[in-house]
Structures are given as C-alpha cells and as structure tokens.
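Only heavy atoms go into these numbers, but all of them, side chains included; no hydrogens, no water, no symmetry mates.
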Amino acid sequence: MNYINNITEAIGNTPLLKLNRVAKDVGANVFVKLEHLNPSGSYKDRMALAMVEAAKRGETWNGKTLPEDGVVVEASAGNTAPALALVCAAQGLRARFVLYRYQFEGATNSRMQITQAFGPEVTVSSDPGDYLTPEQLTELSKDEPDIPHVIAAKMDCQKMEDADSKTVWVDQIYNMANLDGQKAMAREIYEQLDGKIDAIGCSVAAGGTLYGLCSGLEELGVRPEVTFGVVPSGSECYLSLPKNECDYGEYKVSDARHKVAAAMGLNKWVTEESIIHKMVAAGYPDKCFLVSDEDARAMANRLCEEEGIFCGMSSGANVLIALEIAKRLGPGKNVVTTIVDRRDRYLSEAPHEKYVV
C-alpha cells in the first residue's frame, strides 16, 4: 500500500518542467517549478506548514507556543490565507484571517472564497483611520497608498494575539520559518537539475521564496551566475526600483512600511529585521525588474494556451523575466523560476487580473 496520512504530506516535491513553445527561441533552457500543484494551489503551502510547525515548537519572535487547540492568525492578500487555512484544517487548528480592506471590501473575490472553503474565520481589516489621525493618514498615503491598509491588517493580527494566550500571529514578513519552508524547494531543484543552475529568480514581496531559493542553493555550494527578483510595477511595497531594470545596489528596501508601522504603534515591525532586509544584506538578488499587469497577464495567458499551465499573473511575470535572462545567457545554460499559483484564484477579476505578489 502507498498512501499518505495527512494532506500536508503532499506539500512540496513538485515537478520541474522545461518550457517548450514559450521558450523555443531564447537560447538557454528555461525551467519552471510547478508550485501551483501544491494542495492549496500555490507555493505558500511550504511556508504555511513551516510556520505552523515552528509555532508549535515555540519558535516565534516572542517565544509564544501554539497549543494543539490554538488559533493561527495572519493578514493576507491572497495565497497565504488559503495555504494556512489548509494546514490548520488538516491539523485540527483554528484559523483567523484578516484580508486587506483595499483589495476585498465590497466585492466577491476568488481568493477569499477559496480561503473560506477550509472553514476559518475571515474578516476584512480595520480602516487605517482607526489607527492614524487624518493628518497622518494623508501624509503616509502619499507615496504608497496601500501600505496603511497593510499595516492596519497587521495591527489587527497583533491585537488578536495579545488578547488570547492560545493565539499566535505567524507574521510571514518577519518569520524566518517562511524562509526555511522555501529552502526545501531549492534542494529539490538542485536534485532535479544535478546542481546545474545558472540563473534563478522569482517575484519578490516579503522575500521568503527568493531568499529561500538563493540561500538554500548557497548551502549546497551553488551560487548561480544570475539571481533575479521580479516586482509589480506601481506596487513597490517592499523593494523600491528607480527604473525598470536595476542591478544590485541600485534598488533598495522600501522604508514606507517602517514609517507607517511606527506611526500606528506596530513595534514588532520597527524593532525586528525583516526577511527582505536579510536577503538584500546577503547580496541577493543580482538584478531586479519591474513588470506591468499587462505584461504579466499576457505571459500568463501564453503559459495557459501554449504550455497547458493554468497559472496566475506572478507566474507570467516570473517567466517573462526568465526568458529575458535566458536570451542573455545563451545556449547550454539553465534558468529556473516558479509557477506560483493556479489561475482559479483570479477568476473573479477576469479579464483584468492584476499582478499581485
């Protein structure tokens, strides 16, 4: 007999696919890690399982341990919520999710519906004005209007954790278990390509996946010729790019989150060092690229139509840049990126799906 005892055992060990039609004229080989085949439909399953297991061991920023009848809380724009909801459902844990008001209020959203199918409590985040004065909100919204909404959701999570001894806010942005969960993907890619990896990269938000891939390969003695990050144009909440393509040292970690966190009183985000800060300090990525919604969507459509990969916008952005890197490296080289998630979580937005990390 050959079976598993828990759906979480199906997380990871995803296939690595060599692209055919989409990459036929680019020179180097382009491979995609099919992370949309994880149980909840995205790469976030790896991170979700790692963070929950770490919390159960008491490996949290404040030493709090998640009990067997505990509650996991997190704020999410999409893929993290379904992934954590699946893990919690499989392990008999309760879950509460705060979804960003600017993305979910007043509309039916596929990512919310997928999350709710696993049975957690789902709420929309507080209005930023609940934590900021009108003057502060006006000032702090000038450069990044979405950031106050993001931090308000994190404040909601912090309040939930503070109010209940059995509740743990896993906080993917600062949780190093996020990084550890993605290192397994690096080990799998290493084995699938016999360590022959010339370039690797993916979309960047909190940085857990990209830094997990890069640091995981580094631990195996591999430093690819090129590491690359991909950022949604017009939504540079974590990395700030002065132009569409930047070398290391030209882009920087955005300080917008710190300003808002300090104003709202989210002290954890002021005193702790985020994953993305650690990633940049370690010298990754070598290059960063901005990609528009339109270009990400067009490539995602091609992947569906020409390769049979039912993927979302981040995957399209990843492959778009991987193809550009492949052209530069030329024949005989191996370029790797990720298929992030399934297209089903964007159906409510069609045909104007947005590139959101």
Side-chain angles (χ1 to χ4, degrees), residues 7-14 32-55 72-91 93 95-100 103-104 109-118 120 122 150 153-154 157 168-186 188-189 202-213 216 230 232 237-238 274-276 279 310-315 317-318 337-346 355-357:
I7 191 65
T8 58
E9 295 174 43
I11 293 172
N13 294 308
T14 56
V32 290
K33 189 74 163 143
L34 300 180
E35 289 295 289
H36 69 312
L37 299 182
N38 278 301
S40 86
S42 87
Y43 71 122
K44 291 286 190 177
D45 285 11
R46 297 176 183 269
M47 174 197 74
L49 181 60
M51 292 195 304
V52 169
E53 292 297 331
V72 172
V73 300
E74 178 59 304
S76 173
N79 284 324
T80 297
L84 275 169
L86 177 143
V87 171
C88 289
Q91 297 194 357
L93 296 162
R96 299 178 69 185
F97 298 107
V98 182
L99 305 181
Y100 301 140
Q103 288 189 331
F104 292 94
N109 185 283
S110 298
R111 297 188 290 283
M112 178 184 285
Q113 292 176 312
I114 293 170
T115 300
Q116 289 174 318
F118 294 106
V122 179
V150 172
K154 306 300 182 182
C157 292
V168 172
W169 172 29
V170 289
D171 190 12
Q172 61 176 318
I173 310 300
Y174 286 75
N175 192 332
M176 292 306 292
N178 175 348
L179 176 66
D180 294 337
Q182 302 298 347
K183 285 184 178 181
M185 196 197 312
E188 292 168 20
I189 293 169
C202 62
S203 294
V204 182
T209 304
L210 181 57
Y211 192 25
L213 289 172
V230 190
C237 297
Y238 298 95
S274 68
I275 292 172
I276 202 159
M279 177 182 74
F310 188 56
C311 64
M313 305 314 106
S314 292
S315 305
N318 287 352
T337 191
T338 59
I339 297 298
V340 174
D341 57 13
R342 291 195 309 253
R343 192 68 167 261
D344 56 1
R345 58 207 58 210
Y346 303 98
Y355 169 26
V356 179
V357 183

Notebook entry, point to check: Which atoms form the tightest heavy-atom contact between T209 and C202, and what is the distance?
Noted result: CG2-SG, 3.8 Å
Next item on the list: Using a 4.5 Å cut-off on heavy atoms from C-beta on, say whether the side chain of V204 contacts that of M279.
Entry: yes
Checklist line | Residues forming a side-chain contact (heavy atoms from CB on, under 4.5 Å) with A85, sequence neighbours excluded | finding: F97, T115, F118, P120
Check: Is there any salt bridge (charged side-chain N to carboxylate O under 4.0 Å, His left out) pair reaching into residues 173-186, and which pairs are they, with sequence neighbours excluded?
Finding: K183-E219
Notebook entry, point to check: How long is the gap from CD1 on I114 to CG on D344, to the nearest 0.5 Å?
Noted result: 4.0 Å
Notebook entry, point to check: Of the non-hydrogen atoms in R342 and N38, which two are nearest, and what is the gap between them?
Noted result: NH1-O, 4.2 Å
Check: Taking only residues two or more places apart in sequence or in another chain, which ones pass side-chain hydrogen bond (donor to acceptor under 3.5 Å, both in side chains) with Y211?
Finding: none
Notebook entry, point to check: Listed by chain and number, what are the side-chain hydrogen bond (donor to acceptor under 3.5 Å, both in side chains) partners of E74, not counting sequence neighbours?
Noted result: W169
Check: How many angstroms lie between CD1 in I11 and CG in L37, if you round to the nearest 0.5 Å?
Finding: 13.0 Å
Check: Closest approach of M176 and I275, non-hydrogen atoms and distance?
Finding: SD-CG1, 3.8 Å
Next item on the list: Provide the closest heavy-atom pair for H36 versus F310 in the form atom of the first, atom of the second, distance.
Entry: CD2-O, 3.7 Å
Notebook entry, point to check: Between E35 and Q182, is any side-chain donor less than 3.5 angstrom from a side-chain acceptor?
Noted result: no
Checklist line | Distance in Å, T337 OG1 paired with L210 CG, rounded so as to fall on 0.5 Å steps | finding: 9.0 Å
Notebook entry, point to check: Do any N or O atoms from the side chain of K44 and from the backbone of A81 form a donor-acceptor pair under 3.5 angstrom?
Noted result: no
Check: Is there side-chain contact between S42 and R345, with at least one heavy-atom pair below 4.5 Å?
Finding: yes
Check: Residues two or more places apart in sequence or in another chain: which of them pass side-chain contact (heavy atoms from CB on, under 4.5 Å) with N13?
Finding: E188
Note to self: For the NZ atom of K33 and the CE atom of M185, what is their distance to the nearest 0.5 Å?
What the structure shows: 7.5 Å
Margin query: Does any part of the side chain of T8, heavy atoms only, come nearer than 4.5 Å to the side chain of E53, both counted from C-beta?
Written below: no
Item checked: L49 side chain near Q91 side chain, heavy-atom distance below 4.5 Å -> yes
Checklist line | D45: side-chain hydrogen bond (donor to acceptor under 3.5 Å, both in side chains) partners, not counting sequence neighbours | finding: S40
Next item on the list: Grab the two heavy atoms, one from G212 and one from A186, that are nearest each other, plus how far apart they are.
Entry: O-CB, 3.9 Å
Checklist line | Partner residues of A75 under the side-chain contact (heavy atoms from CB on, under 4.5 Å) criterion, sequence neighbours left out | finding: V98, Y100, A153, K154, C157
Checklist line | Those residues that, when tested against T338, pass side-chain hydrogen bond (donor to acceptor under 3.5 Å, both in side chains) (two or more places apart) | finding: N318
Notebook entry, point to check: Between Y355 and S203, does any side-chain donor sit less than 3.5 Å from a side-chain acceptor?
Noted result: yes
Next item on the list: Answer yes or no: is there a side-chain heavy-atom contact under 4.5 Å between I173 and Y238?
Entry: yes
Check: From R343 CZ over to S315 OG, what is the distance, rounded to the nearest 0.5 angstrom?
Finding: 9.5 Å
Notebook entry, point to check: Between A54 and A177, which heavy-atom pair has the shortest distance, and what is it?
Noted result: CB-CB, 3.8 Å
Notebook entry, point to check: Any side-chain heavy atom of V356 within less than 4.5 Å of one from P232?
Noted result: no
Next item on the list: Starting at CG of L99, measure out to CZ of R111 and round the result to the nearest 0.5 Å.
Entry: 9.5 Å
